[in-house]
Amino acid sequence: MNEIPKNFDYKSSELKWQEFWENNKLYESKPNPVKKKFSVVIPPPNVTGILHFGHMLNNTIQDIYCRWKRMKGFEVCWVPGMDHAGIATQVMVEKELAKQGKTKYDLGREEFIKLVWQWKEKNGGTILKQLRKLGASVDWSKERFTLDDVLSLNVKKVFVDLYKKGLIYRGNRIVNWDPASQTAVSDDEIFYEEKNDKLYFIKYKLEDSDDYIPIATTRPETLFGDTAVAVNPEDQRFKQFKNKKVILPFLNKLIPVIEDDYVDKEFGTGALKITPAHDLNDFEVGKRHNLEAITVLSKDSKLNELAGEFSGLEIIEARKKIVKRLKEMDLLIKIEDLTHNVAVSERTKAVIEPYLSEQWFVSMKQLAQPALRVVKEGEIKFFPERYEKVYYHWMENIRDWCISRQLWWGHQIPIWYHKETGEIYCETDPPADIQNWNQDEDVLDTWFSSWLWPLSVFGWENSEKDATNETLNYYYPTDFLSTAPEIIFLWVARMIMAGMEYTGKIPFSEVYFHSTVRDGKGLKMSKSLGNFSDAIELMDKYGTDAMRFTIVYLAPLGNDVLFEEEKTQIGRNFVTKLWNAGRFLIMMKEKISEDNIEQNKSYNADLIDVWIESRYNSSLADAEKFLSEYRLNEYSKALYNFVWSDFCDWYIELLKIKIANSPENAVRIIDTALNYYENILKTLHPVIPYVTEELWHSIREGRGEQSISLERISESDKGNIDQKTEDDFEKIKEIVTAIRNLKINNGIKASLPSDVTLVSNSDESKVLLNLFSNYVMKLCSLKNLNITEKFTSEKEFATAVISNFEIYLSLEGTLNIEKQSEKVNKEIANLTMYIVGLNKKLNNENFLQKASAEVIAKEKEKQSEANNKLEKLQKLII
RNA sequence: GGGCGGUUAGCUCAGUUGGUUAGAGUACUACCUUGACAUGGUAGGGGUCAUUGGUUCGAGUCCAUUACCGCCCACCA
């Protein structure tokens, strides 16, 4: 056997196992009707993506479940892949082009797309390499990309299908227009910025008098598109304007005064100009009152020909000039400062222009119904549960989905317009006489391919063939989805809708929304804030296992993870501890075989064996329970505590003594320990894959198994959980701690052999102690341990009381009487307070009447125990 | 503005249907280079459970209120 280094050399070992797993195709899955399956699809990261803490957490979680289920005997299939990420990718390539002083128009659509593909092949997919480093046990043979042929065909099929069902329509809608990239962006691709602006108060004169309605606006330049002035129906100030018309400045056009609840009486003047083509709310008002929507801005945010003398001007300049002219015409009342939120494009940072344009929409109401039902009826469960409410609210108020994007990178819309007749053709394949048709220029929203992901990765094709598609029928619906809460609507809800619409089945049964990873102060990690740690760098520095363990240990269900580099010590130290425990056991095993002492054939399990068996099964049961509840931090803590405290601090320490005491049982003892250690490695493998694999091979050297990840984790055996033994053991631990405590507090070196007398009247306790006296002596460095019923002595002793034991530590002249009695007095004081409280409770008639008999009995027992202890303590003082 | 979470030791979190003197890890302090591990061992100090009020024999736990933090939705011209 090779010398085992003091620390795990993760740098070389990680790569070794990662390649081993992949080259041997350990995680490739095939439908296996004999086994239960566990299938998961990865939330496809952007092809431009780089692994950050969110990915690390999310993929570690998925890997934990996949490895755990695999080791529980499931046929596990975890499908990896990437998303083409329309805007992100296109913007990235456009930036590269810009460095060469070129734009995409210089290349043309076809060449540009070629270039993006080249970029993808060369630079894309970094994140998949990083997933390998993370140890993700995905099935690489099933890797998919949302622009793969099959997936693209699915996208087209679904578009055509929904179009023919009348669920996709073209409409004039206000969209968030990004003037910089010249495309509509979704609500999720914009953010709001607080901005200081001006609020202009303008007179709109009545047609037949000199009276006017004062309106307030931040955007006077859009007045050319005004088609009404609206007031609140309850606003008494404007009653006389009801059914009247006002004159639009510059154009001298008459527009009606209308009443609508939408208008806030308190804001501005209480009268609002309505510009349906350039404001979302105005558009809604316009629809209610049948108003015309007049576009006065061009796509690059300049006033168009309707603006007369101002046409061709940029917004800001036009605004200045218009205000100046209004003032000259005595139509400007005043200008106020105003702070308000302005929508900004996430990608280009340009101010979003609400713009009326022709876009393609999916009608959502009908699709939402079944998707709402399956969550309400519990067919799909969310963790944490509260996201169900969020989901209901959104689904019940769902809006139509704008799916067209004015981009080149993505799935081009399968719609062709006849050059002459304008007729619309919608099929997956182009029309035969293609020269007479123009295809719609737009591409589909990236989420239009992602919402089919759980179906399309398994070869679904929306045809009769699906019924006999073994892969699809075996793996779909998937079992588990782990994702970020931000994309509950963008992605999760839509996958449920697509699943229900196309298969009548849910796409997954449980959804876990993982924590948001923040910095130590609770701020979201971002490059601009500079509080961004590089996940990969830290993996290199501390080891992947340490990072995986730490981040899971820190992630409570439903709360954020506050991550700081120094916290990585939790995982690093634990991995080291695990490593060294294994190293020690292997060394012991070697040493024992070298000693070559004849072994006893019969070995009877003792209390320590029963205890560790019980603790192992309890911990395993806890771990499983926490996993099933998605309480990952508790799961990792349960294992951490078992390994560190029970196994290393107590079991291994006891084992050293046990072997020294009975070398004729050494082989049996160390083999038992190694067996537990193997079990520990297995239960930890899902969260700490590399170290456990490495150690497992060290332990089982020459026995030919492939990988620990293909081993089985046994069921936790409730029958082997022995609460009585665990309680007894706690008593021993208490006594050991108390004796050590006495030594330290009396200035006796821990290693100095001392005499201790334990006094107890309980036969049961004495039997227990006698069994362990040898261990207690070693653990506390005693030269004598006397167990008796009565004890008196003239010598000086340090004393303590633990449950039904009195402990006397011989001081042999080192006594510190003051310190000693101070300690006991303090304990007596505390105990007395406690007893007073109990007495009060037990003398309270109300309590005796209303509390359950069980509770009362419990309280009485506490009382007598406390009195008992008090009595013993008082005796010590005298 | 509407909705939803959270607030327990310096920090990160547990705390079951109300019933011990509220627990753990970490950080801190002291001691220990004991033949796996100083990325270690042993022990110790540290909390009026955010506020106020209520229900109850009994509240960290249930109800209400306020404050602060966070998230989601909407975005007011």
Side-chain angles (χ1 to χ4, degrees), chain A residues 4 6-7 187 192 199-200 215-219 230 262-264 266-269 271-275 279-282 338 340-343 384 386-387 389-390 393-394 397 485-486 488-489 516 518 520 522 524 542 546 553-556 558-564 566-567 569-588 591 631 633-634 637 640-641 644-645 648-649 652-653 656 736-737 740-741 743-745 747 749-751 779-781 830-831 833-835 837-838 841 844-852 854-856 858-859 861-862 865-866:
Chain A
I4 300 169
K6 221 167 162 182
N7 288 301
D187 290 344
Y192 289 88
L199 185 63
Y200 303 92
I215 61 100
T217 179
T218 52
R219 307 205 54 192
Y262 163 70
V263 183
D264 178 355
E266 308 301 320
F267 190 89
T269 62
L272 173 65
K273 76 185 197 64
I274 300 295
T275 323
D279 183 281
L280 183 62
N281 289 301
D282 289 8
L338 176 76
H340 66 157
N341 287 336
V342 176
R386 73 181 131 90
Y387 283 109
K389 276 193 212 161
V390 179
H393 184 258
W394 190 76
N397 299 286
E486 299 97 272
I488 180 170
F489 308 130
T516 305
R518 297 169 179 282
K524 209 162 186 167
Y542 297 101
Y553 187 92
L554 293 175
N559 280 320
D560 293 340
V561 174
L562 305 184
F563 184 87
E564 290 166 296
E566 60 180 44
K567 288 186 178 162
Q569 289 171 13
I570 299 168
R572 183 196 57 179
N573 294 359
F574 182 57
V575 167
T576 307
K577 187 75 181 178
L578 179 70
W579 177 263
N580 278 298
R583 182 170 147 251
F584 172 68
L585 292 177
I586 294 168
M587 274 165 48
M588 280 296 270
K591 189 171 164 289
R631 299 169 64 184
N633 62 334
E634 294 295 320
K637 263 169 218 169
Y640 181 98
N641 289 339
W644 205 307
S645 162
C648 292
D649 290 348
I652 289 187
E653 291 309 312
K656 291 176 185 169
V736 168
T737 302
R740 283 168 172 167
N741 196 339
K743 283 178 104 172
I744 274 193
N745 284 326
K749 263 192 132 180
S751 52
L779 292 173
C780 300
S781 297
N830 285 341
L831 200 58
M833 291 277 285
Y834 174 54
I835 291 169
L838 280 173
K841 192 184 254 186
N844 183 338
E845 296 251 341
N846 274 326
F847 173 72
L848 295 174
Q849 262 173 34
K850 295 186 182 171
S852 73
E854 204 181 321
V855 170
I856 294 172
K858 233 178 177 178
E859 296 296 308
E861 199 188 316
K862 282 184 226 158
E865 260 176 34

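Since the model is a prediction, treat every value here as computed from it, not as a measurement. Below, chain A is the first sequence line, B the second, and so on; all start at residue 1. Values below: all heavy atoms of this structure, side chains included; hydrogens, waters and symmetry mates excluded.
Not counting sequence neighbours, the partners of A/Glu859 by the salt bridge (Lys or Arg N to Asp or Glu O under 4.0 Å) test are A/Lys841, A/Lys862. Checked against side chain to side chain contact (heavy atoms under 4.5 Å, CB included), A/Ser751 has the following partners two or more places apart in sequence or in another chain: A/Lys749. A/Tyr553 meets the ring pair (Phe, Tyr, Trp, His ring centres under 6.0 Å) test with A/Phe549, A/Tyr640; sequence neighbours excluded. Residues forming a ring pair (Phe, Tyr, Trp, His ring centres under 6.0 Å) with A/Tyr387 (at least two apart in sequence, or on another chain): A/Phe513. By the salt bridge (Lys or Arg N to Asp or Glu O under 4.0 Å) test, A/Lys858 is found to be paired with no residue, residues two or more places apart in sequence or in another chain being considered. With sequence neighbours excluded, the residues forming a ring pair (Phe, Tyr, Trp, His ring centres under 6.0 Å) with A/Phe489 are A/Trp394, listed by chain and number. For A/Arg740, the salt bridge (Lys or Arg N to Asp or Glu O under 4.0 Å) criterion is met by no residue, not counting sequence neighbours. Applying the salt bridge (Lys or Arg N to Asp or Glu O under 4.0 Å) rule to A/Glu865 yields no partners; only residues at least two apart in sequence or on another chain are considered.
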Exercise. Nucleotide by nucleotide, 5' to 3', does protein get under 4.0 Å of the base (B), only the sugar-phosphate (S), or neither (-) in nucleotides 18-28 of chain B, counting heavy atoms?
Worked result: -BSB---SSS-
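Between the P atoms of B/rU33 and B/rG41, the separation comes to 16 Å (whole Å). Nucleotides B/rU55 and B/rG10 are separated by 32 Å at their P atoms, to the nearest Å. One P atom belongs to B/rA24, the other to B/rC71, and the distance between them is 33 Å to the nearest Å. Here the separation of B/rA36 from B/rA27, taken at their C1' atoms, is 25 Å to the nearest Å. Straight-line distance between the C1' atoms of B/rG15 and B/rG47: roughly 14 Å, to the nearest whole Å. Comparing the C1' positions of B/rG18 and B/rC32 gives a spacing of 45 Å, expressed to the nearest Å. Using C1' as the reference atom, B/rA50 and B/rG6 are 11 Å apart when rounded to the nearest Å. With C1' as the reference atom, B/rA59 and B/rU42 are 38 Å apart, rounded to whole Å.
Taking atom CG on A/Asn846 and atom C1' on B/rG58, their separation rounds to 10 Å, with Å as the unit. Atom P of nucleotide B/rG40 and atom CZ of A/Phe574 are separated by 12 Å, given to the nearest angstrom. Spacing between atom NZ of A/Lys749 and atom C1' of B/rC32 amounts to 8 Å, rounded to whole angstrom units. Atom pair A/Asn741:CG and B/rA30:C1' shows a separation of 12 Å (rounding to whole Å applied). We find that CZ of A/Arg572 is positioned 17 Å from P of B/rC37, with the value rounded to whole Å. Atom pair A/Ile488:CD1 and B/rG3:P shows a separation of 19 Å (rounding to whole Å applied). Distance, A/Leu585 CG to B/rC37 P: 13 Å, rounded to whole Å. Atom-to-atom, OH of A/Tyr387 to C1' of B/rC4 comes out at 9 Å; the value is rounded to the nearest Å.
A/Thr737 comes within contact range of the sugar-phosphate backbone alone, with a heavy-atom separation under 4.0 Å but no base atom that close. Among the heavy atoms of the strands, none lies under 4.0 Å from A/Asn397. As judged by a 4.0 angstrom heavy-atom cut-off over every strand, A/Ala750 is placed among residues making no nucleic acid contact. Using a 4.0 Å heavy-atom cutoff across all strands shown, A/Arg740 reaches sugar-phosphate atoms only and no base atom.
With a 4.5 Å cut-off on side-chain heavy atoms, A/Asn830 and A/Tyr834 do not count as touching. Looking only at side-chain heavy atoms (C-beta outward), A/Leu272 and A/Tyr262 come within less than 4.5 Å of each other.
Nearest-nucleotide mapping onto RNA chain B: of A/Arg631 and A/Glu653, the residue sitting toward the 5' end is A/Arg631. Remark on RNA chain B: of its neighbouring residues A/Lys389 and A/Glu634, the 5'-side contact belongs to A/Lys389, judged by nearest-heavy-atom nucleotide.
The CG atom of A/Leu578 sits 13.0 Å away from the CZ atom of A/Arg583 when rounded to the nearest 0.5 Å.
Side-chain to base pairing of A/Lys577 with B/rC37: one donor and one acceptor N or O lie within less than 3.5 Å of each other.
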Under 3.5 Å, which N/O atoms of the protein pair with N/O atoms of nucleotides 75-77 of chain B?
{"unit_1": "B/rC76", "atom_1": "O2", "unit_2": "A/Asp264", "atom_2": "OD2", "d": "3.2"}
{"unit_1": "B/rA77", "atom_1": "OP1", "unit_2": "A/His340", "atom_2": "ND1", "d": "2.8"}
{"unit_1": "B/rA77", "atom_1": "O5'", "unit_2": "A/His340", "atom_2": "ND1", "d": "3.1"}
{"unit_1": "B/rA77", "atom_1": "O3'", "unit_2": "A/Thr218", "atom_2": "N", "d": "3.3"}
{"unit_1": "B/rA77", "atom_1": "O3'", "unit_2": "A/Thr218", "atom_2": "OG1", "d": "2.4"}
{"unit_1": "B/rA77", "atom_1": "N6", "unit_2": "A/Asp264", "atom_2": "O", "d": "3.0"}
{"unit_1": "B/rA77", "atom_1": "N6", "unit_2": "A/Phe267", "atom_2": "O", "d": "3.0"}
{"unit_1": "B/rA77", "atom_1": "N1", "unit_2": "A/Asp264", "atom_2": "N", "d": "3.4"}

Give every pair of a protein N or O atom and an N or O atom of nucleotides 45-50 of chain B that lie under 3.5 Å apart, one pair per line with the distance.
none

Problem set entry | Dot-bracket line, read 5' to 3' along RNA chain B, where crossing pairs take [ ] and | marks a partner on another strand, Watson-Crick or G-U under 3.5 Å | (((((((..((((.....[...)))).(((((.......))))).....(.(((..]....))).))))))))....
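Other residues, nucleotides and ligands contribute more than 12 heavy atoms inside 6.0 Å of the NZ atom of A/Lys656.
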